[in-house]
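In listed order, ligands and their atoms are each counted from 1. Note that this is a predicted model, so its numbers are computed, not measured.
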Amino acid sequence: MNIVILAAGMGKRMQSALPKVLHPLAGKPLLSHVLDTARQLSPSTLCVIYGHGGEQVPNLLAASDVTFARQEPQLGTGHAVAQAAPHLDDAVPTLVLYGDVPLTDSTSLQRLIAAAGSDKLAILTVHMSDPTGYGRIVREHGAITRIVEQKDATEAERAITEVNTGILVAPTAQLKQWLATLSNHNAQGEYYLTDIVARAVADGVPVASAQPAAVWETLGVNSKVQLAELERIHQRNIANRLLEQGVTLLDPARFDVRGRLTCGRDVTIDVGCIFEGTVDLADGVTVGAHCVIKDAVIASGAQIKPFCHIENATVGAQSMIGPYARLRPGTTLAEGVHIGNFVEIKNSQIAAGSKANHLAYVGDATIGSRVNIGAGTITCNYDGANKFRTVIEDDAFIGSDSQLVAPVTVGRGATLGAGTTLTKDAPAGALTISRSRQVTLTGWLRPAKLKK
Ligand code: UD1
Ligand code: CA
(Lines give C-alpha, C1' and ligand atoms only; values in the text may rest on other atoms or scores of the structure.)
(Ligands and ions follow the chains in the order given, each with its own letter.)
Protein backbone atom coordinates (compact mmCIF):
# COMPACT_ATOMS: atom_id res chain seq x y z
CA MET A 1 0.00 0.00 0.00
CA ASN A 2 0.99 3.64 -0.53
CA ILE A 3 0.42 6.05 2.35
CA VAL A 4 0.27 9.82 1.85
CA ILE A 5 0.27 12.07 4.90
CA LEU A 6 -0.96 15.64 4.38
CA ALA A 7 1.10 18.03 6.46
CA ALA A 8 1.50 21.20 4.43
CA GLY A 9 -1.15 23.36 6.08
CA MET A 10 -0.10 26.29 8.19
CA GLY A 11 -2.15 25.93 11.33
CA LYS A 12 -2.75 29.64 11.84
CA ARG A 13 -4.83 29.08 14.97
CA MET A 14 -1.87 27.51 16.77
CA GLN A 15 -0.48 31.09 17.06
CA SER A 16 3.03 29.71 16.73
CA ALA A 17 6.13 29.95 14.56
CA LEU A 18 6.47 26.17 14.70
CA PRO A 19 4.68 24.28 11.88
CA LYS A 20 1.52 22.72 13.33
CA VAL A 21 2.50 19.09 12.72
CA LEU A 22 5.71 19.57 14.75
CA HIS A 23 3.87 20.55 17.93
CA PRO A 24 4.35 17.78 20.48
CA LEU A 25 1.68 15.48 21.86
CA ALA A 26 2.98 13.25 24.64
CA GLY A 27 6.44 14.69 23.97
CA LYS A 28 6.46 13.68 20.29
CA PRO A 29 5.56 15.74 17.18
CA LEU A 30 2.00 15.21 15.94
CA LEU A 31 3.35 14.04 12.59
CA SER A 32 5.56 11.42 14.30
CA HIS A 33 2.45 9.87 15.83
CA VAL A 34 0.92 9.61 12.36
CA LEU A 35 4.15 8.21 10.89
CA ASP A 36 4.32 5.57 13.62
CA THR A 37 0.71 4.53 12.98
CA ALA A 38 1.42 4.42 9.23
CA ARG A 39 4.45 2.20 9.81
CA GLN A 40 2.29 -0.33 11.63
CA LEU A 41 0.59 -0.90 8.26
CA SER A 42 3.95 -1.68 6.54
CA PRO A 43 3.41 0.57 3.51
CA SER A 44 5.63 0.16 0.45
CA THR A 45 5.60 3.95 -0.03
CA LEU A 46 5.28 6.51 2.77
CA CYS A 47 5.05 10.05 1.47
CA VAL A 48 4.69 13.24 3.54
CA ILE A 49 3.37 16.39 1.88
CA TYR A 50 4.93 19.39 3.57
CA GLY A 51 4.97 23.09 2.83
CA HIS A 52 4.31 25.61 5.56
CA GLY A 53 7.39 26.23 7.71
CA GLY A 54 9.90 25.54 4.94
CA GLU A 55 12.30 22.65 5.44
CA GLN A 56 11.69 22.25 9.17
CA VAL A 57 9.42 19.22 8.73
CA PRO A 58 11.77 17.15 6.50
CA ASN A 59 14.81 18.29 8.47
CA LEU A 60 13.35 17.12 11.76
CA LEU A 61 11.63 13.92 10.64
CA ALA A 62 13.88 12.63 7.86
CA ALA A 63 13.93 8.83 7.82
CA SER A 64 15.00 6.25 5.27
CA ASP A 65 11.43 5.00 4.77
CA VAL A 66 9.85 8.45 4.21
CA THR A 67 9.65 10.46 0.97
CA PHE A 68 8.94 14.16 1.34
CA ALA A 69 7.09 16.10 -1.36
CA ARG A 70 6.79 19.85 -1.11
CA GLN A 71 3.46 21.56 -1.78
CA GLU A 72 3.99 25.24 -2.51
CA PRO A 73 1.63 27.08 -2.57
CA GLN A 74 -1.03 25.13 -0.67
CA LEU A 75 -4.03 25.01 -2.99
CA GLY A 76 -6.14 22.42 -1.16
CA THR A 77 -6.20 18.81 -0.08
CA GLY A 78 -6.62 17.49 -3.65
CA HIS A 79 -3.65 19.55 -4.82
CA ALA A 80 -1.70 18.24 -1.81
CA VAL A 81 -2.26 14.57 -2.68
CA ALA A 82 -1.41 15.34 -6.33
CA GLN A 83 2.12 16.29 -5.22
CA ALA A 84 2.61 12.68 -4.10
CA ALA A 85 1.38 11.19 -7.40
CA PRO A 86 4.84 10.58 -8.96
CA HIS A 87 5.83 8.53 -5.89
CA LEU A 88 2.75 6.29 -5.78
CA ASP A 89 2.74 2.72 -7.05
CA ASP A 90 -0.35 2.10 -9.24
CA ALA A 91 -0.41 -1.58 -8.37
CA VAL A 92 -1.48 -1.01 -4.75
CA PRO A 93 -4.13 1.23 -3.11
CA THR A 94 -3.31 4.60 -1.54
CA LEU A 95 -4.27 5.56 2.03
CA VAL A 96 -4.48 9.28 2.80
CA LEU A 97 -3.83 10.39 6.39
CA TYR A 98 -3.57 13.85 7.99
CA GLY A 99 -0.43 14.94 9.83
CA ASP A 100 -2.53 16.82 12.39
CA VAL A 101 -4.75 13.84 13.31
CA PRO A 102 -2.47 11.99 15.73
CA LEU A 103 -4.59 9.40 17.54
CA THR A 104 -5.97 7.17 14.79
CA ASP A 105 -5.69 3.51 15.71
CA SER A 106 -4.20 1.18 13.12
CA THR A 107 -7.07 -1.31 13.63
CA SER A 108 -9.56 1.34 12.49
CA LEU A 109 -7.39 1.97 9.42
CA GLN A 110 -7.22 -1.75 8.76
CA ARG A 111 -11.03 -1.83 8.71
CA LEU A 112 -11.03 0.98 6.15
CA ILE A 113 -8.40 -0.77 4.03
CA ALA A 114 -10.45 -3.97 4.11
CA ALA A 115 -13.57 -2.03 3.05
CA ALA A 116 -11.66 -0.62 0.06
CA GLY A 117 -10.25 -3.92 -1.13
CA SER A 118 -8.21 -3.46 -4.28
CA ASP A 119 -10.65 -1.54 -6.44
CA LYS A 120 -13.03 0.52 -4.26
CA LEU A 121 -12.83 4.00 -2.82
CA ALA A 122 -13.40 3.88 0.95
CA ILE A 123 -13.99 6.82 3.28
CA LEU A 124 -13.56 6.81 7.06
CA THR A 125 -16.69 8.56 8.37
CA VAL A 126 -18.12 9.40 11.78
CA HIS A 127 -21.42 10.72 13.07
CA MET A 128 -21.20 13.98 14.98
CA SER A 129 -24.00 15.68 16.88
CA ASP A 130 -22.41 18.99 15.83
CA PRO A 131 -20.90 18.46 12.37
CA THR A 132 -20.11 22.17 11.82
CA GLY A 133 -17.01 22.71 9.70
CA TYR A 134 -16.72 19.19 8.36
CA GLY A 135 -17.44 17.87 4.88
CA ARG A 136 -20.81 16.08 4.86
CA ILE A 137 -21.30 12.59 3.45
CA VAL A 138 -24.13 12.68 0.94
CA ARG A 139 -25.84 9.32 0.40
CA GLU A 140 -28.56 8.23 -2.01
CA HIS A 141 -30.37 4.99 -1.19
CA GLY A 142 -27.61 4.31 1.34
CA ALA A 143 -24.74 4.66 -1.15
CA ILE A 144 -22.24 7.55 -0.88
CA THR A 145 -22.57 9.80 -3.92
CA ARG A 146 -20.41 12.77 -2.98
CA ILE A 147 -18.95 14.87 -0.17
CA VAL A 148 -19.98 18.49 0.23
CA GLU A 149 -17.89 20.96 2.22
CA GLN A 150 -19.53 23.07 4.94
CA LYS A 151 -19.04 26.27 2.94
CA ASP A 152 -20.57 24.80 -0.23
CA ALA A 153 -23.44 22.96 1.46
CA THR A 154 -27.12 23.79 1.30
CA GLU A 155 -29.18 24.06 4.47
CA ALA A 156 -30.44 20.50 3.94
CA GLU A 157 -26.91 19.15 3.42
CA ARG A 158 -25.67 20.92 6.54
CA ALA A 159 -28.23 18.93 8.52
CA ILE A 160 -26.34 15.71 7.65
CA THR A 161 -24.47 14.43 10.71
CA GLU A 162 -22.28 11.86 8.97
CA VAL A 163 -18.99 13.62 8.26
CA ASN A 164 -15.81 13.06 6.29
CA THR A 165 -12.83 12.46 8.59
CA GLY A 166 -10.57 13.14 5.61
CA ILE A 167 -9.00 9.69 5.85
CA LEU A 168 -9.63 7.57 2.78
CA VAL A 169 -8.30 4.71 0.65
CA ALA A 170 -8.41 4.90 -3.15
CA PRO A 171 -7.31 2.68 -6.05
CA THR A 172 -4.13 4.47 -7.10
CA ALA A 173 -4.31 4.59 -10.91
CA GLN A 174 -7.85 6.03 -10.77
CA LEU A 175 -6.89 8.38 -7.96
CA LYS A 176 -4.22 9.93 -10.18
CA GLN A 177 -6.75 10.40 -13.02
CA TRP A 178 -9.34 11.92 -10.72
CA LEU A 179 -6.82 14.31 -9.15
CA ALA A 180 -5.83 15.52 -12.62
CA THR A 181 -9.42 16.57 -13.34
CA LEU A 182 -10.17 18.50 -10.11
CA SER A 183 -11.22 22.12 -10.35
CA ASN A 184 -11.24 24.87 -7.77
CA HIS A 185 -14.64 26.32 -8.61
CA ASN A 186 -15.99 26.24 -5.08
CA ALA A 187 -16.54 28.48 -2.09
CA GLN A 188 -12.90 28.26 -0.96
CA GLY A 189 -11.22 28.32 -4.38
CA GLU A 190 -9.35 25.13 -3.46
CA TYR A 191 -8.74 21.80 -5.16
CA TYR A 192 -10.78 19.51 -2.92
CA LEU A 193 -9.67 15.92 -2.44
CA THR A 194 -13.27 15.21 -1.50
CA ASP A 195 -14.37 15.83 -5.11
CA ILE A 196 -12.85 12.46 -6.09
CA VAL A 197 -15.93 10.82 -4.57
CA ALA A 198 -18.24 12.18 -7.27
CA ARG A 199 -15.58 11.23 -9.87
CA ALA A 200 -15.54 7.64 -8.58
CA VAL A 201 -19.33 7.42 -8.73
CA ALA A 202 -19.25 8.73 -12.34
CA ASP A 203 -16.63 6.09 -13.23
CA GLY A 204 -18.69 3.30 -11.65
CA VAL A 205 -16.14 2.71 -8.88
CA PRO A 206 -17.98 1.62 -5.72
CA VAL A 207 -17.64 3.96 -2.71
CA ALA A 208 -17.50 2.19 0.64
CA SER A 209 -17.16 3.51 4.17
CA ALA A 210 -15.84 2.38 7.52
CA GLN A 211 -16.05 3.82 11.02
CA PRO A 212 -13.34 4.10 13.66
CA ALA A 213 -13.81 2.52 17.09
CA ALA A 214 -13.97 5.99 18.66
CA VAL A 215 -14.61 9.49 17.31
CA TRP A 216 -11.47 10.91 19.00
CA GLU A 217 -9.36 8.77 16.67
CA THR A 218 -10.29 11.16 13.87
CA LEU A 219 -10.01 14.48 15.70
CA GLY A 220 -7.48 16.94 14.34
CA VAL A 221 -5.46 19.65 16.02
CA ASN A 222 -6.15 23.19 14.85
CA SER A 223 -5.53 25.09 18.09
CA LYS A 224 -3.76 24.76 21.42
CA VAL A 225 -7.13 24.03 23.01
CA GLN A 226 -7.62 21.01 20.74
CA LEU A 227 -4.00 19.95 21.27
CA ALA A 228 -4.54 19.98 25.05
CA GLU A 229 -7.80 18.03 24.66
CA LEU A 230 -6.14 15.32 22.56
CA GLU A 231 -3.20 15.17 25.00
CA ARG A 232 -5.65 14.36 27.81
CA ILE A 233 -7.45 11.73 25.71
CA HIS A 234 -4.14 10.12 24.82
CA GLN A 235 -2.92 10.15 28.43
CA ARG A 236 -6.22 8.72 29.64
CA ASN A 237 -5.88 5.89 27.10
CA ILE A 238 -2.38 5.07 28.37
CA ALA A 239 -3.61 5.24 31.97
CA ASN A 240 -6.51 2.92 31.20
CA ARG A 241 -4.19 0.36 29.58
CA LEU A 242 -1.99 0.38 32.68
CA LEU A 243 -4.99 0.14 35.02
CA GLU A 244 -6.24 -2.85 33.05
CA GLN A 245 -2.81 -4.46 33.50
CA GLY A 246 -3.18 -4.05 37.26
CA VAL A 247 -1.10 -0.94 37.86
CA THR A 248 -2.46 1.29 40.64
CA LEU A 249 -2.70 4.93 39.55
CA LEU A 250 -3.95 7.06 42.41
CA ASP A 251 -5.42 9.46 39.89
CA PRO A 252 -5.32 8.49 36.20
CA ALA A 253 -6.09 12.12 35.32
CA ARG A 254 -2.87 13.32 36.95
CA PHE A 255 -0.38 11.11 35.21
CA ASP A 256 1.70 11.63 32.04
CA VAL A 257 3.66 9.27 29.86
CA ARG A 258 5.80 10.90 27.17
CA GLY A 259 7.41 7.80 25.78
CA ARG A 260 7.02 4.18 26.82
CA LEU A 261 6.32 3.02 30.37
CA THR A 262 6.28 -0.67 31.20
CA CYS A 263 5.18 -1.90 34.60
CA GLY A 264 5.37 -5.22 36.41
CA ARG A 265 2.80 -6.51 38.89
CA ASP A 266 1.66 -4.48 41.89
CA VAL A 267 3.18 -1.21 40.80
CA THR A 268 1.73 1.91 42.43
CA ILE A 269 2.10 5.42 41.03
CA ASP A 270 0.94 8.47 42.96
CA VAL A 271 -0.31 11.71 41.39
CA GLY A 272 1.63 14.18 39.26
CA CYS A 273 4.33 11.86 37.91
CA ILE A 274 5.85 12.26 34.43
CA PHE A 275 7.53 9.37 32.64
CA GLU A 276 9.69 10.19 29.63
CA GLY A 277 11.68 8.13 27.16
CA THR A 278 11.73 4.45 28.09
CA VAL A 279 10.97 3.65 31.71
CA ASP A 280 10.69 0.21 33.22
CA LEU A 281 9.13 -0.27 36.67
CA ALA A 282 9.51 -3.84 37.92
CA ASP A 283 7.17 -5.75 40.25
CA GLY A 284 6.19 -4.01 43.45
CA VAL A 285 7.74 -0.63 42.65
CA THR A 286 6.07 2.40 44.21
CA VAL A 287 6.51 5.90 42.85
CA GLY A 288 5.51 8.77 45.11
CA ALA A 289 3.85 12.00 44.05
CA HIS A 290 5.42 14.43 41.59
CA CYS A 291 8.39 12.42 40.35
CA VAL A 292 9.92 12.96 36.90
CA ILE A 293 11.52 9.76 35.61
CA LYS A 294 13.22 9.54 32.22
CA ASP A 295 14.98 6.60 30.55
CA ALA A 296 15.33 4.57 33.72
CA VAL A 297 15.05 1.03 35.01
CA ILE A 298 13.67 0.65 38.53
CA ALA A 299 14.07 -2.90 39.86
CA SER A 300 11.56 -4.83 41.93
CA GLY A 301 10.35 -3.52 45.24
CA ALA A 302 12.17 -0.22 44.96
CA GLN A 303 10.42 2.77 46.52
CA ILE A 304 10.72 6.14 44.86
CA LYS A 305 9.41 8.69 47.33
CA PRO A 306 7.84 12.03 46.32
CA PHE A 307 9.59 14.75 44.31
CA CYS A 308 12.45 12.76 42.81
CA HIS A 309 14.09 13.50 39.46
CA ILE A 310 15.64 10.45 37.82
CA GLU A 311 17.27 10.43 34.38
CA ASN A 312 19.29 7.77 32.62
CA ALA A 313 19.69 5.75 35.78
CA THR A 314 19.23 2.25 37.13
CA VAL A 315 17.83 1.69 40.61
CA GLY A 316 18.38 -1.71 42.25
CA ALA A 317 15.78 -3.93 43.87
CA GLN A 318 14.41 -2.85 47.26
CA SER A 319 16.22 0.48 47.08
CA MET A 320 14.70 3.59 48.68
CA ILE A 321 15.07 6.89 46.85
CA GLY A 322 14.04 10.33 48.05
CA PRO A 323 12.04 12.29 48.88
CA TYR A 324 13.75 15.04 46.88
CA ALA A 325 16.55 12.96 45.39
CA ARG A 326 18.17 13.55 42.02
CA LEU A 327 19.69 10.67 40.08
CA ARG A 328 21.50 12.03 37.04
CA PRO A 329 22.77 10.20 33.94
CA GLY A 330 25.11 7.32 34.53
CA THR A 331 23.83 6.45 38.00
CA THR A 332 23.66 2.74 38.72
CA LEU A 333 22.44 1.65 42.11
CA ALA A 334 22.53 -2.00 43.23
CA GLU A 335 20.07 -3.68 45.62
CA GLY A 336 18.97 -2.07 48.85
CA VAL A 337 20.66 1.29 48.30
CA HIS A 338 19.18 4.22 50.23
CA ILE A 339 19.39 7.69 48.69
CA GLY A 340 17.69 10.31 50.82
CA ASN A 341 16.61 13.92 50.60
CA PHE A 342 18.67 16.48 48.70
CA VAL A 343 21.18 13.92 47.49
CA GLU A 344 22.49 14.22 43.92
CA ILE A 345 24.20 11.29 42.23
CA LYS A 346 25.88 11.54 38.81
CA ASN A 347 27.82 9.02 36.73
CA SER A 348 28.41 6.77 39.72
CA GLN A 349 27.99 3.15 40.67
CA ILE A 350 26.85 2.35 44.17
CA ALA A 351 26.93 -1.29 45.32
CA ALA A 352 24.44 -3.15 47.49
CA GLY A 353 23.25 -1.81 50.81
CA SER A 354 25.07 1.52 50.71
CA LYS A 355 23.43 4.69 52.00
CA ALA A 356 23.59 8.41 51.38
CA ASN A 357 20.62 9.61 53.34
CA HIS A 358 20.96 13.37 53.49
CA LEU A 359 22.36 16.34 51.54
CA ALA A 360 25.24 14.94 49.49
CA TYR A 361 26.80 15.17 46.04
CA VAL A 362 28.27 11.99 44.63
CA GLY A 363 29.72 12.47 41.13
CA ASP A 364 32.08 10.26 39.10
CA ALA A 365 32.38 7.79 41.97
CA THR A 366 32.61 4.06 42.41
CA ILE A 367 31.20 3.07 45.75
CA GLY A 368 31.30 -0.40 47.29
CA SER A 369 28.79 -2.28 49.42
CA ARG A 370 27.47 -1.23 52.83
CA VAL A 371 29.16 2.17 52.60
CA ASN A 372 27.67 4.96 54.71
CA ILE A 373 27.97 8.43 53.26
CA GLY A 374 27.27 11.06 55.90
CA ALA A 375 25.23 14.20 55.49
CA GLY A 376 26.93 16.99 53.60
CA THR A 377 29.51 14.77 51.92
CA ILE A 378 30.76 16.01 48.56
CA THR A 379 32.94 14.40 45.92
CA CYS A 380 35.05 17.22 44.50
CA ASN A 381 35.22 15.65 41.05
CA TYR A 382 35.95 18.73 38.99
CA ASP A 383 38.96 21.00 39.15
CA GLY A 384 37.50 23.52 36.74
CA ALA A 385 39.00 21.79 33.71
CA ASN A 386 39.01 18.03 34.23
CA LYS A 387 36.92 15.45 36.05
CA PHE A 388 38.35 12.75 38.29
CA ARG A 389 36.96 9.66 40.00
CA THR A 390 36.47 8.92 43.65
CA VAL A 391 36.63 5.29 44.80
CA ILE A 392 35.09 4.26 48.12
CA GLU A 393 35.56 0.58 48.97
CA ASP A 394 33.21 -1.78 50.85
CA ASP A 395 32.17 -0.99 54.41
CA ALA A 396 33.76 2.45 54.48
CA PHE A 397 32.15 5.11 56.67
CA ILE A 398 32.33 8.70 55.46
CA GLY A 399 31.74 11.15 58.29
CA SER A 400 29.42 14.08 57.75
CA ASP A 401 30.54 17.18 55.88
CA SER A 402 33.54 15.50 54.27
CA GLN A 403 35.01 16.58 50.95
CA LEU A 404 36.71 13.92 48.86
CA VAL A 405 39.04 15.69 46.46
CA ALA A 406 39.32 13.36 43.47
CA PRO A 407 41.19 11.42 42.32
CA VAL A 408 41.15 9.74 45.70
CA THR A 409 40.41 6.31 47.19
CA VAL A 410 38.94 5.38 50.54
CA GLY A 411 40.04 1.85 51.43
CA ARG A 412 37.85 -1.02 52.58
CA GLY A 413 36.42 -0.48 56.04
CA ALA A 414 38.08 2.92 56.40
CA THR A 415 36.45 5.65 58.48
CA LEU A 416 36.67 9.35 57.66
CA GLY A 417 36.10 11.64 60.62
CA ALA A 418 33.42 14.28 60.20
CA GLY A 419 34.60 17.40 58.40
CA THR A 420 37.53 15.72 56.68
CA THR A 421 38.90 17.22 53.48
CA LEU A 422 40.46 14.17 51.91
CA THR A 423 43.22 14.95 49.43
CA LYS A 424 45.26 11.72 49.76
CA ASP A 425 44.01 8.11 49.84
CA ALA A 426 42.55 6.92 53.13
CA PRO A 427 43.99 3.52 54.09
CA ALA A 428 41.73 0.52 54.67
CA GLY A 429 40.48 -0.15 58.17
CA ALA A 430 41.87 3.06 59.72
CA LEU A 431 40.40 6.37 60.88
CA THR A 432 41.49 9.27 58.72
CA ILE A 433 40.64 12.74 59.87
CA SER A 434 41.68 16.21 58.75
CA ARG A 435 40.40 18.95 60.97
CA SER A 436 41.98 21.43 63.30
CA ARG A 437 42.04 20.36 66.92
CA GLN A 438 39.27 21.59 69.15
CA VAL A 439 40.28 23.94 71.95
CA THR A 440 38.33 25.37 74.85
CA LEU A 441 39.46 28.65 76.45
CA THR A 442 38.34 28.79 80.05
CA GLY A 443 38.07 32.22 81.62
CA TRP A 444 37.13 33.81 78.29
CA LEU A 445 34.45 36.48 78.60
CA ARG A 446 31.86 37.53 76.03
CA PRO A 447 32.29 41.15 74.91
CA ALA A 448 29.86 43.44 76.72
CA LYS A 449 28.32 46.63 75.33
CA LEU A 450 30.50 49.68 76.03
CA LYS A 451 29.02 52.14 78.55
CA LYS A 452 28.67 55.75 77.23
C1 UD1 B 1 -10.97 18.61 5.22
C2 UD1 B 1 -11.98 17.96 4.28
C3 UD1 B 1 -13.31 17.83 5.00
C4 UD1 B 1 -13.15 17.04 6.27
C5 UD1 B 1 -12.07 17.68 7.15
C6 UD1 B 1 -11.75 16.80 8.32
C7 UD1 B 1 -11.38 18.64 2.03
C8 UD1 B 1 -11.68 19.57 0.90
N9 UD1 B 1 -12.14 18.79 3.11
O10 UD1 B 1 -11.44 19.94 5.47
O11 UD1 B 1 -14.26 17.17 4.17
O12 UD1 B 1 -14.36 16.97 6.98
O13 UD1 B 1 -10.85 17.85 6.41
O14 UD1 B 1 -10.89 17.48 9.19
O15 UD1 B 1 -10.51 17.81 1.92
N16 UD1 B 1 -3.48 20.34 3.72
C17 UD1 B 1 -2.36 20.34 2.93
N18 UD1 B 1 -2.34 21.15 1.84
C19 UD1 B 1 -3.36 21.95 1.50
C20 UD1 B 1 -4.51 21.94 2.33
C21 UD1 B 1 -4.54 21.12 3.43
O22 UD1 B 1 -1.39 19.63 3.20
O23 UD1 B 1 -3.25 22.65 0.49
C24 UD1 B 1 -3.51 19.47 4.90
C25 UD1 B 1 -3.61 20.24 6.19
O26 UD1 B 1 -2.33 20.49 6.73
C27 UD1 B 1 -4.39 19.29 7.08
C28 UD1 B 1 -5.27 18.51 6.10
O29 UD1 B 1 -4.67 18.67 4.83
O30 UD1 B 1 -3.56 18.36 7.72
C31 UD1 B 1 -6.69 19.01 6.10
O32 UD1 B 1 -6.71 20.35 5.71
P33 UD1 B 1 -7.75 21.38 6.29
O34 UD1 B 1 -7.56 22.67 5.62
O35 UD1 B 1 -7.76 21.33 7.75
O36 UD1 B 1 -9.10 20.72 5.71
P37 UD1 B 1 -10.54 21.11 6.12
O38 UD1 B 1 -10.91 22.35 5.44
O39 UD1 B 1 -10.69 21.05 7.58
CA1 CA C 1 -9.00 20.64 9.57
Side-chain angles (χ1 to χ4, degrees), residues 3-14 16 18-23 25 29-31 33-35 38 47-54 56-58 68-85 95-104 121 123-128 130-138 144 146-153 157-158 160-168 170 175 178-179 182-199 207 209 211-212 215-223 226-227 230:
I3 297 184
V4 179
I5 302 176
L6 304 191
M10 96 148 144
K12 198 160 130 198
R13 285 200 282 145
M14 296 298 278
S16 168
L18 191 69
K20 176 163 74 173
V21 294
L22 294 183
H23 282 264
L25 180 129
L30 292 169
L31 180 54
H33 287 269
V34 183
L35 283 167
C47 183
V48 171
I49 309 300
Y50 73 102
H52 184 76
Q56 290 180 74
V57 170
F68 289 89
R70 186 168 181 143
Q71 186 201 15
E72 189 67 67
Q74 286 109 46
L75 302 178
T77 49
H79 177 254
V81 176
Q83 310 310 304
L95 167 66
V96 177
L97 299 174
Y98 285 10
D100 57 0
V101 178
L103 300 184
T104 321
L121 176 61
I123 319 279
L124 193 70
T125 73
V126 290
H127 284 274
M128 286 187 169
D130 178 10
T132 309
Y134 288 90
R136 308 298 205 283
I137 304 292
V138 179
I144 298 176
R146 62 198 172 88
I147 295 175
V148 61
E149 293 303 299
Q150 166 90 19
K151 288 184 179 146
D152 300 290
E157 288 165 340
R158 285 186 186 182
I160 299 170
T161 56
E162 186 183 10
V163 306
N164 172 33
T165 63
I167 296 171
L168 58 80
L175 173 66
W178 298 331
L179 290 173
L182 293 181
S183 86
N184 62 353
H185 300 305
N186 52 52
Q188 300 182 79
E190 288 181 6
Y191 295 91
Y192 291 166
L193 176 61
T194 45
D195 285 349
I196 68 169
V197 176
R199 298 284 193 286
V207 183
S209 66
Q211 282 70 43
V215 170
W216 52 254
E217 290 185 43
T218 67
L219 297 180
V221 172
N222 296 301
S223 65
Q226 290 171 341
L227 179 62
L230 288 193

Chemist: Is L193 close to ligand 1, meaning an N/O of one under 3.5 Å from an N/O of the other?
Modeler: no

Chemist: Would you check whether A8 has a nitrogen or oxygen atom less than 3.5 angstrom from a nitrogen or oxygen atom of ligand 1?
Modeler: yes

Chemist: Give the atom numbers and elements of ligand 1 that come within less than 4.0 Å of a heavy atom of L75.
Modeler: 23 (O)

Chemist: Could you tell me if any non-hydrogen atom of I49 lies under 4.0 Å from any atom of ligand 1?
Modeler: no

Chemist: Are any of the heavy atoms in G220 under 4.0 Å away from ligand 1?
Modeler: no

Chemist: With a 4.5 Å heavy-atom cut-off, do Y192 and N186 have their side chains touching?
Modeler: yes

Chemist: Could you list the atoms of ligand 1 found under 4.0 angstrom from a heavy atom of E149?
Modeler: 2 (C), 3 (C), 7 (C), 8 (C), 9 (N), 10 (O), 11 (O)

Chemist: Indicate yes or no: at least one non-hydrogen side-chain atom of D100 is less than 4.5 angstrom from one of H23.
Modeler: no

Chemist: Who gets closest to atom 21 (C) of ligand 1 by heavy atom: T77, V48, I137?
Modeler: T77

Chemist: Within the 3.5 Å criterion, strictly below it, is a donor on E162 or T125 matched to an acceptor on the partner's side chain?
Modeler: yes

Chemist: Show me which atoms of ligand 1 lie under 4.0 Å from any heavy atom of G135.
Modeler: 3 (C), 4 (C), 11 (O), 12 (O)

Chemist: Which atoms from ligand 1 have a heavy atom of T165 less than 4.0 Å away?
Modeler: 6 (C)

Chemist: Would you say D100 and ligand 1 have an N/O pair spaced under 3.5 Å apart?
Modeler: yes

Chemist: Of all heavy-atom pairs between K20 and N222, which one has the smallest distance, and what is that distance?
Modeler: NZ-OD1, 3.0 Å

Chemist: At a non-hydrogen distance cut-off of under 4.0 Å, which region of A80 contacts ligand 1 (side chain, backbone, both, or neither)?
Modeler: side chain

Chemist: Please examine the side chains of H127 and T161, heavy atoms only from C-beta on, and report whether any two atoms are closer than 4.5 Å.
Modeler: yes

Chemist: Do you know which two heavy atoms are closest between L219 and M128, and how far apart they sit?
Modeler: CD2-CE, 4.0 Å

Chemist: Check each of L30, N164, I167, L182 against atom 12 (O) of ligand 1 and report the one with the nearest heavy atom.
Modeler: N164

Chemist: Within the structure provided, determine whether L30 and L22 are in side-chain contact (heavy-atom separation under 4.5 Å).
Modeler: no

Chemist: I want to confirm something. Looking only at heavy atoms, which of R136, Q150, Q71, H52 is nearest to atom 17 (C) of ligand 1?
Modeler: Q71

Chemist: For a 4.5 angstrom cut-off between non-hydrogen side-chain atoms, does L168 reach I196?
Modeler: yes

Chemist: Show me which atoms of ligand 1 lie under 4.0 Å from any heavy atom of A7.
Modeler: 22 (O)

Chemist: Can a donor-acceptor pair be found between the side chains of Q150 and R136 at a distance below 3.5 Å?
Modeler: yes

Chemist: Give the numbers and elements of all ligand 1 atoms closer than 4.0 Å to a heavy atom of Y192.
Modeler: 8 (C)

Chemist: Cut-off 3.5 Å, side chains only: do Q71 and H79 have a donor facing an acceptor?
Modeler: yes

